[in-house]
Number of protein chains: 2
Amino acid sequence: MKLTDKKRMQILDAAEELFHSSGVEHTSMDQLALQAKVSKRTVYNHFATKDALFQAILQRMFDKLAQGGEVRFNVAEPIDQQLRRIAQDEVALLSSAAFLRVAKIAIMQVMQRPELAQLMSDSSLGCKRYIDNFLTDACTAGVLKIADIPFAGKQFIYQLKSFVFYPSLFGLEQQTPAQQAHIIDEAIALFLARYQIKPG
Amino acid sequence: MKLTDKKRMQILDAAEELFHSSGVEHTSMDQLALQAKVSKRTVYNHFATKDALFQAILQRMFDKLAQGGEVRFNVAEPIDQQLRRIAQDEVALLSSAAFLRVAKIAIMQVMQRPELAQLMSDSSLGCKRYIDNFLTDACTAGVLKIADIPFAGKQFIYQLKSFVFYPSLFGLEQQTPAQQAHIIDEAIALFLARYQIKPG
DNA sequence: TATATAAACTACACCGTGCAGTTTACATAT
DNA sequence: ATATGTAAACTGCACGGTGTAGTTTATATA
């Protein structure tokens with residue numbers, strides 16, 4: 001790896017760390033250069049302004065999170081098992097340090113500069129990408145009965161977000177794995193009570 | 001009204017406006033004095049520091065929101081009607097400009113200074129105050145069957161928050177009254193599908 | 001030879017203070 | 001009632017101190 005690329009990475013790593021722990025506003029470029037073990041001039045050789053660096057960080061963090069497996073509906077497997085896998089993946093994402101970092105940074109900026117709001121809603125992470133297809137297939141197979149599929153998908157995801165994501169985001173309690181399992185179980189129970197077609 | 005009280009109110013009004021639109025950090029005391037039509041020195045005669053002003057704003061806004069009726073369980077009335085009244089009150093609160101203002105200001109500060117997180121969770125607004133009692137009574141009356149009442153209460157409230165509050169908070173779309181009614185209906189349907197004891 | 005470094009520098013914005021002079025509210029005297 | 005005194009509050013402005021984005025310059029290093 002070329003030296004310049006290595007330095008660039010050091011800068012981005014430091015920015016991610018400091019923007020998260022201290023906020024974008026409270027992170028000075030001097031502090032950042034120090035943390036990156038790079039001269040301030042080098043920072044400015046790579047990024048013209050603080051804002052450009054911020055944009056780059058956001059992009060990199062989104063890219064990191066973009067991957068993640070897709071769960072496809074399978075008629076042969078019990079629906080609750082499949083939903084549990086989806087929910088487990090989602091909870092793992094929502095409670096991951098990486099996701100919380102980017103979310104905290106992004107949300108703070110969005111709240112300060114509402115014109116960037118679209119950026120957030122556009123980015124489709126986690127099970128949001130495929131849940132509508134999954135539910136459609138489950139309905140077609142006669143396992144679920146849902147009138148408004150996008151709405152129902154939100155109901156499911158929002159359960160997880162509300163119990164797992166927002167409390168962490170606002171610095172309240174984190175959940176233990178046991179609590180997370182309970183949250184997942186209850187979200188599924190709630191969802192299936194409403195939408196599952198009972199056999200028999 | 002005495003002059004000094006009038007000035008104080010002008011300062012608080014300006015602070016509420018600017019803290020909301022620009023954030024606490026990005027509001028300078030000069031700007032604030034200008035908006036309040038008051039000299040900067042007067043601002044400092046009323047509030048020793050910017051932080052003291054911030055605390056006062058938060059207190060005033062919480063006081064404004066503190067009122068709100070309590071819905072008590074009534075055996076004679078259908079449970080879905082009662083839940084609808086609770087949900088309507090809650091949605092009205094969550095989508096009110098006053099609540100969104102204080103929430104935005106408070107959350108921005110909490111995210112920047114996590115040590116203040118308790119302040120938010122401690123304040124009990126809306127139906128959070130009484131929903132546990134309501135559900136307990138409904139269970140005792142044999143209308144609902146809930147194992148973990150605080151958890152179920154959260155499930156109900158979080159439905160409303162997720163669809164109504166957070167999208168508004170992050171500057172995404174507002175809901176029309178018709179959409180709000182739909183959200184309420186679906187939240188109740190979901191909740192009762194899981195927890196209602198079917199007659200017969 | 002191109003790039004990194006260190007340190008000093010510029011330009012600016014902001015918090016909070018001090019102070020001289022003015023306005024307001026209200027009590028007391030005529 | 002009207003005039004006058006007075007204390008409290010407001011104003012406007014300048015200033016100290018601090019922090020920070022971004023630049024410049026001179027030097028070292030791969």
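The chains referred to below are lettered A, B, ... by the order of the sequence lines, with proteins before strands, and numbering in each begins at 1. Just so it is clear, the structure is predicted and the values come from calculations on it, not from any experiment.
The separation between A:R8 atom CZ and C:dT3 atom C1' is 15 Å, rounded to whole Å. As a whole-Å value, the separation of A:E25 CD from D:dT18 P is 22 Å. Rounded to an integer number of Å, the gap from A:N45 CG to D:dG22 P is 14 Å. Between the C1' atom of C:dA13 and the CG atom of B:L32 lies a distance of 16 Å, rounded to the nearest Å. For the pair B:F54 CZ and C:dC15 C1', the computed distance is 17 Å after rounding to whole Å.
When the side-chain nitrogen and oxygen atoms of B:T4 are compared with OP1 and OP2 of C:dT24, none of them lie within a distance under 4.0 Å. Considering only side-chain N and O atoms, A:T42 lies under 4.0 angstrom from the phosphate OP1 or OP2 of C:dT5. One finds a side-chain N or O of B:H46 lying less than 4.0 angstrom from the OP1 or OP2 phosphate oxygen of D:dC10.
Residue B:K6 is out of contact with every strand shown, counting any heavy-atom pair closer than 4.0 Å.
A:E173 CD to A:Q179 CD: the interatomic distance, rounded to the nearest 0.5 Å, is 7.5 Å. Expressed to the nearest 0.5 Å, how far CG of B:L135 lies from CG of B:D148 amounts to 11.0 Å.
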- Task: Could you run through nucleotides 16-22 of chain C and give me one letter per nucleotide, 5' to 3': B if any protein heavy atom sits under 4.0 Å from the base, S if only the sugar-phosphate is that close, - if neither?
- Result: BBBB---

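In the helix from C:dT1-D:dA30 to C:dT30-D:dA1, the end axes, each obtained as the rotation axis mapping the C1' atoms of four pairs onto the next four within a five-pair block, lie 20° apart to the nearest 10 degrees.
Ring centroids of B:Y158 and A:F163 are separated by less than 6.0 Å, placing the two rings close together.
In this structure, A:F54 and A:F19 have tilted ring planes: the angle between them lies in the 30° to 60° band. A:Y166 and A:F170 have parallel rings, their planes meeting at less than 30° on a 0 to 90° scale where 60° marks the start of perpendicular.
Of the N and O atoms on the side chains of B:S22 and B:T27, not one donor lies less than 3.5 Å from an acceptor on the other residue.
Listed for the A:R129 side chain is a donor-acceptor partner under 3.5 Å among the backbone atoms of A:G126.
In the hydrophobic clustering of ILVMFWY residues, with side-chain heavy atoms under 4.5 Å counting as a link, A:F165 and B:F151 come out together.
Put simply, the side chain of B:F156 does not reach to within 4.5 Å of the side chain of B:E90, judged on heavy atoms.
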